[in-house]
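Below you'll find the structure, written out as structure tokens, and then a few comments.
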Amino acid sequence: MDTNKVLSAICYFSVLFAPFIVPIIIYFASEDSFVKKHAKSSLLSHVIPALFIPVVILAAFYDFSQTTDVPVLLLTTFVIFGIASLIIFIWNLIRGVKLLIN
């Protein structure tokens with residue numbers, strides 16, 4: 001098995017154990033452009049769910065005294081965040097497996 005493919009797959013699988021640090025370490029440790037490309041891609045896919053966190057926090061602490069749709073808005077925000085995070089998580093696993101198979 002090609003070492004570059006394994007390192008690239010580890011970047012995607014790191015969503016399970018160290019989502020931010022592993023792609024950064026592999027990006028700076030590797031000199032191969034293939035590995036660097038996948039390290040950047042996996043890091044971006046690990047960061048995207050983290051960008052939703054401020055939105056969820058703001059929705060949780062927003063002053064809803066003017067509206068009666070508080071549960072609906074909070075539930076909608078949490079569901080969208082959960083679905084997006086799950087899709088990105090599964091995408092990372094699929095990308096890692098595809099790199100190892102091909």
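In this chain, residues are counted from 1 in sequence order. Because only heavy atoms are used, hydrogens play no part in the values below, and waters and symmetry mates are left out as well, while side chains stay in. The structure displayed is predicted, hence computed values, not measured ones.
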Could you check whether atom CZ of F28 has more than 12 heavy atoms from other residues, nucleotides or ligands sitting under 6.0 Å from it?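 Counting other residues, nucleotides and ligands, CZ of F28 stays at 12 neighbours or fewer.
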Around atom CD1 of I21, are there more than 12 heavy atoms of other residues, nucleotides or ligands at under 6.0 Å?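 It does not: I21 CD1 has 12 such atoms or fewer within range.
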Are [Y] and [X] connected in a single hydrophobic cluster, I mean Ile/Leu/Val/Met/Phe/Trp/Tyr linked by side-chain heavy atoms less than 4.5 Å apart?
X	Y	answer
I25	F20	no
V22	V15	yes
L44	I24	no

Donor-acceptor under 3.5 Å (S8 side chain, N4 main chain):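 Pair found, side chain donor or acceptor close to backbone of N4.
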Exam field: side chain K36 to backbone E31, donor-acceptor pair closer than 3.5 Å: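 Side chain of K36 to backbone of E31, a donor-acceptor pair under 3.5 Å: no, none is there.
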Which pairs of donor and acceptor atoms, one on a side chain in residues 47-60, lie under 3.5 Å apart (sequence neighbours left out)?
none

Tell me which donor-acceptor pairs under 3.5 Å the side chains of residues 85-95 have, and how far apart each pair is, sequence neighbours excluded?
from: S85; atom 1: OG; to: F81; atom 2: O; distance (Å): 3.0
from: N92; atom 1: OD1; to: S45; atom 2: OG; distance (Å): 2.7
from: N92; atom 1: ND2; to: S45; atom 2: OG; distance (Å): 3.3
from: N92; atom 1: ND2; to: I88; atom 2: O; distance (Å): 3.0
from: R95; atom 1: NH2; to: Y12; atom 2: OH; distance (Å): 3.2
from: R95; atom 1: NH2; to: H38; atom 2: ND1; distance (Å): 3.3

Evaluate the side-chain proximity of F13 to V97: yes if any heavy-atom separation is below 4.5 Å, no if none is.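 Yes, side chains in contact.
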Would you check if L7 and Y27 make a side-chain contact, meaning some heavy-atom pair closer than 4.5 Å?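 A side-chain contact is absent here, since even the closest heavy-atom pair is not under 4.5 Å.
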I need the minimum non-hydrogen distance between A18 and P23, along with the two atoms involved.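 Scanning both residues completely, I find the closest heavy atoms to be O-CD, 4.0 Å.
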Shortest non-hydrogen contact from F34 toward D32: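 Scanning both residues, the minimum pair turns out to be CB-OD2, 3.0 Å.
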So, using side chain to side chain donor-acceptor pair (under 3.5 Å) as the criterion, who are the partners of S14 when residues are at least two apart?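 So S14 forms a side chain to side chain donor-acceptor pair (under 3.5 Å) with H46.
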